[in-house]
Student: 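Just dropping this structure here.
As the structure is a computational prediction, the values presented were derived from the model and not from experiment. Remember, it's 1-based here, ligands and their atoms both numbered in the order they're listed.
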Amino acid sequence: MNYHITTIPGDGIGPEIVRETCKVLNQVGQVFGHEFHYKEILMGGCSIDAHGVPLTDEALETAKGSDAVLLGAVGGDVGNSRWYDVAPNLRPEAGLLAIRKGLNLFANIRPAYLYEELAQACPLKKEIIGDGFDMVIMRELTGGLYFGERYTREVDGVMTAVDTLTYNEKEIRRIAVKAFDIAMKRRKSVISVDKANVLDSSRLWRKVVEEVAKDYPQVKLTHMLVDNCAMQLVMNPGQFDVILTENMFGDILSDEASMITGSIGMLSSASMNESKFGLYEPSHGSAPDIAGKNLANPIATILSGAMMLRYSFDLDQEADAVEQAVQQVLAEGYRTGDIYSQGRARGSCSQMGDLIAERIVKK
Ligand code: NAD
């Protein structure tokens, strides 16, 4: 099969980690008989330098015309870069908002997986970690509190700020469908997180999620209140498979879940629209402090590439091969600086890419 991928290397370490991911995807193509065709576009600081804006309409059209988008990272040293001496809508990160909006990406998927080999980086006690954890957080990305009407004004002589949290049933249904679809590819459990004891939007959320669940009889649905979920993540993370939640709860819980894995260079993510189209990117930023030094850990981006294979192209076997290759390289003791521990082999960004690509096999 032929697949058309828009690549956005972006700024900082972005070009290095995207290069290594394409190396791995190309090896997947060779081993499994697929062709990946790439079109590169500019976004972020590099687009500001070339065109004066963080994302051009033409670049967005190129992304729309492809099967999926692979993004490195955008942005520079915020305290020390000419890109930040301008209005917020002209800064590098405005490109991210523009592309997410332009591609209608409403579903954000962030896995949190603890590699046995990196367990010492997990801040939780051994008895809590147990056999490890492997979850994904499905966060609604375009509704709720962050997009509701807001204002600050004086009421009876007192400054008062108002933010509104709105969800309609269509917005809830489409994200719930995504969560159940993904649960079908995993351990078939969805924990839907809300605050239904207080919020109307959560009560509607719960009702619609229960309706969607009827179409997925093999998936077990459980409801959990958000405050309990925040505790359960650090008390018993192994219980979670797919966590489904609204925008603000997901924002907070996905950071909490990332932190218990202990290593920012390992965390992949995807944002999807109603079809199988998605934008795949690491959860970390452009790391300007190590840019251009071949020191970055490319694994988060490579694992984002595996998510692309699984969720946009339905290539589950190929995605498994990438994830297993990453696991094998870690088990053999190779580490980039960010995940280095004594007694391991310290590798560069490009060496990690080579090692992972070499271990892609068809089982
Ligand atoms: P960051 O994630 O770029 O870096 C935080 C720390 O983690 C740094 O010490 C960095 O060296 C390290 N790090 C990050 N990724 C790594 C990797 N793959 N391998 C090894 N070490 C890694 O966060 P920041 O410093 O707050 O932000 C830097 C720039 O990135 C800013 O301009 C910010 O706006 C931007 N940013 C972009 C995105 C994105 O493109 N989606 C996300 C977050 C931040």
Student: Does one side chain, of Ser286 or Asp11, offer a donor that lies under 3.5 Å from an acceptor on the other?
Tutor: no

Student: With a 4.0 Å heavy-atom cut-off, what residues sit around ligand 1?
Tutor: Ile13, Ala73, Val74, Gly75, Gly76, Val78, Tyr84, Glu93, Leu96, Ile264, Glu281, His284, Gly285, Ser286, Ala287, Pro288, Asp289, Ile290, Ala296, Asn297, Asp338

Student: Quick one about Glu140 and Tyr167 (side-chain donor to acceptor, distance below 3.5 Å, no hydrogens or angles considered), yes or no?
Tutor: yes

Student: May I ask you to test the Tyr115-Val326 pair for a side-chain heavy-atom distance under 4.5 Å?
Tutor: yes

Student: Less than 4.0 angstrom from a charged side-chain N to a carboxylate O is my criterion; do Lys64 and Asp57 meet it?
Tutor: no

Student: Will you find, in the side chains of Ser258 and Glu256, an N or O donor that is under 3.5 Å from an N or O acceptor?
Tutor: no

Student: Quick one: do Glu20 and Lys23 make a salt bridge, cutoff under 4.0 Å?
Tutor: yes

